[in-house]
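Below, read A as the first sequence line, B as the second, and so on, with proteins coming before strands; counting in each chain starts at 1. All heavy atoms count here, side chains included; hydrogens, waters and symmetry mates do not.
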Amino acid sequence: MLRPIPAGDHIPASDLLEGLNEKQREAVATTDGPLLIIAGAGSGKTRVLTYRIAYLLRMGVHPSHVLALTFTNRAAQEMKERIGHLVGDGIARGIWAGTFHSLFARILRKEAERIGYTNAFTIYDTDDQLSAIKAVMTQLGVSQQVLPPTGVRSRISGYKNNMTPWQEAARNADTLVDKQTAQIYEEYEKRLRQSNAMDFDDLLLNMIRLLEHHPDALAEYQARFKYIMVDEYQDTNRVQYRAVNLLAGALRNLCVVGDDAQSIYRWRGADIRNILDFERDYTDAKVVRLEQNYRSTKMILAAADSVIKNNVKQLKKTLWTDNDEGEKITLLACRDDREEAELVARTIKDRMQLHGYTFKDVAVLYRTNAQSQALEDALRRLNMPYHIVSGVSFYKRKEVKDTLAYLRLLVNQNDTESLLRIINEPARGIGATSLERLQERAVAEGRPLIEVLQSPLAMSIVQKRTQVAVADFVDIVNRYREMVDDLPPATLAQQYIEATGLPQMYKLQDTEDSLDRWNNIERVLSHIYEQQELDETLTLATYLEQIALLSDADDPQIGSNRVGLMTMHAAKGLEFPLVVIAGLEQGLFPLAKAETDINEQEEERRLFYVGITRARKELVLAYAERRYRFGELVFGRPSMFLAEIDKSAFAEMPDRSGKQIAGSRPITDKVAIRGIDSKRPSKAAEKEALSHARFQPPTWKVAKPRGSHNEYAQESGDSYSQVEDGGRVLPGQRVKHPMFGVGTVTGVSGVGTQAKATVLFQNGEKKNLMLAYAKLELIS
DNA sequence: AGAGCGTCGCTTTTT
DNA sequence: GCGACGCTCT
């Protein structure tokens, strides 16, 4: 048993238990042995987790012996911060907190050799997976028309999530499609091995392989992670379950926290059995139920409960609260998606004035990312700041992916997917036919493509001209490979990317679009520089790993004062005083396929439950009778979920013009709302503003003079343009750029977000910089 | 080999 | 309503 240690400057262990309810206290103070915490929405789960870890530390557990597995990096970061407040930052920093994927990647990086990789292994995202699958299908002569590669990808991922190796998949294959899929699976696995690459599933599987095949590694990590906690346990899959069981196997100090009602990742392999089996696998497990909700009003909780109770499959629990009754729910019945967006925006503005919310107190949730567009337009028109939680989109841009592919190749030359991606980008005269032939050769010889490219004998199968082009390309990569250990990553990346000719290609095209792309490449390079400044141990490999494992919910802007726009999946774990859920129509939410499949329907319902329970004070629900989907006007009916909420919970609310917004009448009634101004902004302006709202990469800060503008100007339509307008940068002005150094402005062009400055730097280089992005510091 | 045009499929959610 | 991909032509 543990004994408390002197508290020093911080809160003693016993005090940590104060201010917790009885159940929470029990969960926190149960340090040893298996513990299952069933934590209803808003029941103080995060509080319990952080206090429990702080308690452990106070009881003398060394931070490095604590492992906390979370769903997002943000959740881990937040947890660390909160623990830091309780026990001191220095101590909190020592715990192992992160996602399964990022922590396992870190361990595997160290142990790579033992499972047949090198520590330079690349992490393949879903796009890389797809290219690999396509290449394999071409190699096997399987038609991509008959067998869609995305379908194959999800089947392979399904196999992996069930720990089914290709041998077994092949054995169990009955139909031709099954057999072909199994064969593609086999070749896919070989290809990734050959490429020294792991996909997301492999990060988990390889951790298991390491622990199962290397008893000393198992012993080592079991001894290291003496206390293990798993958050969002209902959304873990079988592989994660196995990994956790292995790690906790010796000491069995395993605490899992979950809520089956909030399980929303079944499609990704999350398995509710993980909760049910816990008590079976750990018969001595203590079970603590947290059922008091501290977050929401009675009204909101009642609505959530009346919805979720329609699910047949669920564990019994009763969530209750001491909070106020609260406001009734507002229902916005709208004619179409434009009007829905408009009304949502106006309602938000209205409630902000009425109840004193600020922008960051508000979130608009929806089922699909595509719905954000109309909402953005409306918010922009009302000049309300917002931010979209989907930080990865910047990294999905072609030029950014190309840049990263070049860097990945530098770190891991066997990374065939990256190699193929950029070998002819910019065009070098290395065509598809030649590459196909060379790939065939590589497969036949069982060696990585990059080796084939460097073998004069093998290269003789392609034209002389191609041979020369390939040799030039390989030279560039090799030249910079030699410098990897000698130059700081940002400098190396900068010089190497310049040498590839990629940025120049876009710059010379000199169109609005190509300059944008050029700029994005510069932003990646500046980003590496920034990260390097923050962490001097940064290497290109670790940088690339961070990028690969970024998640949407990791968007650092989440704390800024803006209205949050996000999917309900992305909203998991968050809470807001005012929550709007838009697009409550059959076929959209729930999605069409849930109408026939009861399991899907229950998952959609859980998702709605998650959405509702994000709200603390007030809930607004909205649907539209017509909506544009795929550029086509589609008619819809209100969501079945709306009918599951008691009619008396809805408010009858006049809007400011005195007109009816929505009533407590049967929701199928048509409620017409007039007088909404719906002038569309110009196409160009829309696209413009959108690109800035969307492509702000995470951890990116636009440097700007202090206090020169309101704090939310950055991304919200018109106000954005004031961030760095041409006005304050004039010819003759001396400026400093983080990468290029000091220079003098020689010219300015464009206005608003398009404002550019030509700067002559001290090294004689002249650069044309977008002021909205380039982090220029004015110096005198 | 590369440019240009047309078709298709896409939007469910993401580590 | 857009972007990715494939086909055709040069």
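A:Arg266 has its CZ atom 17 Å from the P atom of B:dT13, to the nearest Å. In this structure, CG of A:Leu203 is placed 14 Å from C1' of B:dT14, rounded to the nearest angstrom. A:Ile156 places its CD1 atom 21 Å from the P atom of B:dT15, with the value rounded to the nearest Å. A straight line from CD of A:Gln371 to C1' of B:dT13 spans 12 Å, rounded to a whole angstrom. Across the protein-nucleic acid pair, A:Glu632 atom CD and C:dG1 atom C1' stand 11 Å apart, rounded to whole Å. Between the CG atom of A:Leu130 and the P atom of B:dC10 there is a distance of 12 Å, rounded to whole Å. In this structure, the CZ atom of A:Arg627 is 16 Å from the P atom of C:dG1, given to the nearest Å. Atom CD of A:Gln240 is separated from atom C1' of B:dT14 by 12 Å (rounded to the nearest Å).
Side-chain N or O atoms of A:Asn206 include one that pairs as donor or acceptor with a backbone N or O of A:Asp202 at under 3.5 Å.
Taking the 5.5 Å centre cut-off and the 30° plane limit, the aromatic side chain of A:Phe100 is not classed as stacked on B:dT15.
By the ring-ring contact (aromatic ring centres under 6.0 Å, His included) test, A:Phe589 is found to be paired with A:Phe608, A:Phe641, residues two or more places apart in sequence or in another chain being considered. Partners of A:Tyr159 under the ring-ring contact (aromatic ring centres under 6.0 Å, His included) rule, at least two apart in sequence or in another chain, are A:Tyr185. Partners of A:Arg437 by salt bridge (Lys or Arg N to Asp or Glu O under 4.0 Å), not counting sequence neighbours: none found. Applying the ring-ring contact (aromatic ring centres under 6.0 Å, His included) rule to A:Tyr506 yields no partners; only residues at least two apart in sequence or on another chain are considered.
Between A:Thr567 and B:dT14 there is a side-chain N or O to OP1 or OP2 distance below 4.0 Å. Applying the 4.0 Å criterion to OP1 and OP2 of C:dC5, one finds that A:Lys134 has a side-chain N or O inside that range. Taking 4.0 angstrom as the limit, A:Ser434 places a side-chain polar atom (N or O) nearer than this to OP1 or OP2 of B:dA1. Contact annotation: A:Asn369 reaches the phosphate of B:dT14 (side-chain N/O to OP1 or OP2, under 4.0 Å).
Distances were taken from every side-chain heavy atom of A:His569 (C-beta onward) to each of B:dT13, B:dT15, C:dC5; the shortest belongs to B:dT13. Distance from the side chain of A:Ala570 is smallest for B:dT14 among the nucleotides B:dT15, B:dA1, B:dT14. Comparing atom distances between the A:Thr433 side chain and each of B:dA1, B:dT15, B:dT13 picks out B:dA1 as nearest. For A:Asn424, the listed nucleotide lying nearest its side chain is B:dG2; candidates were B:dT14, B:dG2, B:dT15. In the set C:dC5, B:dT15, B:dA1, the nucleotide with an atom closest to the side chain of A:Phe200 is B:dT15. You'll find that the side chain of A:Arg367 is closest to B:dT13, out of B:dT13, C:dC5, B:dG2.
Projected onto DNA chain B by closest heavy-atom contact, A:Arg629 and A:Thr99 fall at different nucleotides, the more 5' of which corresponds to A:Arg629. Of the two residues contacting DNA chain B, namely A:Glu604 and A:Arg465, the nearest-nucleotide position lying further toward the 5' end is that of A:Arg465.
Aromatic rings of A:Tyr124 and A:Phe200 (six-membered ring for Trp) have centroids beyond the 6.0 Å cut-off, not under it.
No contact: A:Lys572 has no heavy atom under 4.0 Å from any strand. Within 4.0 Å of A:Tyr265, counting heavy atoms only, lie sugar-phosphate atoms of the nucleic acid but no base atom.
Applying the salt bridge (charged side-chain N to carboxylate O under 4.0 Å, His left out) test to residues at least two apart or on different chains, the pairs with a partner in residues 422-434 of chain A are A:Lys398-A:Glu425.
Taking the charged nitrogens against the carboxylate oxygens, A:Glu575 and A:Arg614 have no contact shorter than 4.0 Å, which rules out a salt bridge.
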Each base of DNA chain B marked ( ) or [ ] if paired in-strand (Watson-Crick or G-U under 3.5 Å), | if paired to another strand and . if unpaired gives ||||||||||.....
